[in-house]
Amino acid sequence: MEHLGHKIKMIDHLFKLRMDKNLEQLDVTFAQMHVLIYLFRNSGVKITQKQLAEHLCVKHSTMSGILKRLQEKELIEIKVDEENKKYRNINTTKKAAQLNEQMRAHRDETEALFIQGFSDIELKQLVCYLDRLYNNLLLNSALSDKEIKCFNKEMKQ
């Protein structure tokens, strides 16, 4: 039998490749889409690079690169916080807002393809199995409380 971890990794890899291909016409990557959707979901709230990095469970340097490319594409604005000059707040632009529905549609389309051929019962079972796999790895690991919090937050998205 093929190793289950490898199969899950390959599914994840194919999903990301498919999403990147679908988003190519919007000139947005899968990772950039996650940042933008988080910003849209939290519009009106001050969001910093540190908060984004923690929410998406990536290193500060990785988030810095994603934000730099989004800024170059004029999809976000980064401004110094007037109340605390050491913070930079990140906001979406009107250009990004025009992509919001298209990004979500591509994600929904890819997820629909992902579960094609599954009955409602099979889909509910699959979700339960995946939750169990996830929790088995999360609860029986040597992760820090911060990492566990991050993974729990990601699972609820």
Side-chain angles (χ1 to χ4, degrees), residues 1-67 69-70 73 75-76 89-93 95-157:
M1 181 171 113
E2 186 177 353
H3 291 283
L4 191 56
H6 179 70
K7 187 172 286 288
I8 291 169
K9 180 179 176 163
M10 293 307 296
I11 291 168
D12 177 61
H13 185 69
L14 282 171
F15 187 86
K16 287 176 184 173
L17 284 174
R18 170 83 105 203
M19 284 297 301
D20 280 335
K21 188 69 175 163
N22 289 345
L23 293 166
E24 200 172 73
Q25 63 189 329
L26 303 177
D27 193 28
V28 175
T29 66
F30 189 48
Q32 292 167 355
M33 180 196 78
H34 278 292
V35 169
L36 291 171
I37 288 176
Y38 180 80
L39 290 170
F40 288 128
R41 199 179 290 148
N42 294 284
S43 64
V45 177
K46 291 181 180 181
I47 303 292
T48 65
Q49 180 174 332
K50 181 180 179 184
Q51 290 170 309
L52 279 167
E54 287 175 358
H55 175 76
L56 295 173
C57 301
V58 297
K59 293 179 182 175
H60 184 79
S61 58
T62 301
M63 183 54 62
S64 182
I66 293 170
L67 293 176
R69 286 184 290 283
L70 285 170
K73 295 175 184 183
L75 297 173
I76 63 167
N89 297 320
I90 302 159
N91 297 296
T92 57
T93 63
K95 183 177 177 181
Q98 295 170 349
L99 301 178
N100 189 17
E101 287 306 314
Q102 293 171 291
M103 288 187 303
R104 290 173 191 269
H106 283 302
R107 181 191 58 196
D108 293 347
E109 175 186 312
T110 304
E111 286 188 1
L113 179 64
F114 195 62
I115 61 170
Q116 185 178 348
F118 284 86
S119 69
D120 288 342
I121 292 172
E122 289 172 326
L123 191 53
K124 286 178 185 175
Q125 289 174 328
L126 176 61
V127 169
C128 287
Y129 295 146
L130 291 173
D131 285 345
R132 191 179 324 160
L133 288 170
Y134 185 87
N135 286 320
N136 285 346
L137 287 175
L138 189 63
L139 298 175
N140 295 307
S141 67
L143 296 174
S144 70
D145 289 341
K146 181 179 177 182
E147 291 168 318
I148 289 173
K149 181 180 177 186
C150 182
F151 280 106
N152 278 331
K153 188 174 12 176
E154 274 296 299
M155 190 65 164
K156 291 174 185 170
Q157 293 297 316

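Only heavy atoms go into these numbers, but all of them, side chains included; no hydrogens, no water, no symmetry mates. The structure displayed is predicted, hence computed values, not measured ones.
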Could you tell me whether D120 and K124 make a salt bridge, using a distance below 4.0 angstrom between a side-chain N and a carboxylate O? no
Are more than 12 heavy atoms, taken from residues, nucleotides or ligands other than R18, located less than 6.0 Å from that residue's CZ atom? no
Is it true that, when you exclude K46 itself, more than 12 heavy atoms of the residues, nucleotides or ligands shown sit nearer than 6.0 Å to its NZ? yes
Indicate, with yes or no, if the rings of H34 and F30 have centres closer together than 6.0 Å. yes
For the atom pair [atom1] ([X]) and [atom2] ([Y]), what is the distance rounded to the nearest 0.5 Å?
X	Y	atom1	atom2	value
I11	H6	CD1	NE2	10.5 Å
I76	L36	CD1	CG	7.5 Å
N91	N42	CG	CG	11.5 Å
L113	N22	CG	CG	9.0 Å
K73	L26	NZ	CG	10.0 Å
Q102	E109	CD	CD	11.5 Å

How far apart are the C-alpha atoms of L130 and Y134, what are their side-chain angles, what is the distance that settles it, and do they pass the side-chain contact (heavy atoms from CB on, under 4.5 Å) test? CA-CA 6 Å; L130 291 173; Y134 185 87; over 6 Å; no
Nearest heavy atoms of [X] and [Y], plus distance in Å:
X	Y	answer
D27	Q32	O-OE1, 4.0 Å
Q49	L67	CG-CD1, 3.6 Å
I8	L133	CD1-CD1, 4.0 Å
I90	L52	CD1-CD1, 3.6 Å

Side-chain donor-acceptor pair present, N100, R104, cut-off under 3.5 Å: yes
Residue pair H106, M33: steps toward the side-chain contact (heavy atoms from CB on, under 4.5 Å) verdict: CA-CA 10 Å; H106 283 302; M33 180 196 78; 6.0 Å; no
Counting only N and O atoms by type, is there a donor-acceptor contact under 3.5 Å from the side chain of S64 to the main-chain atoms of H60? no
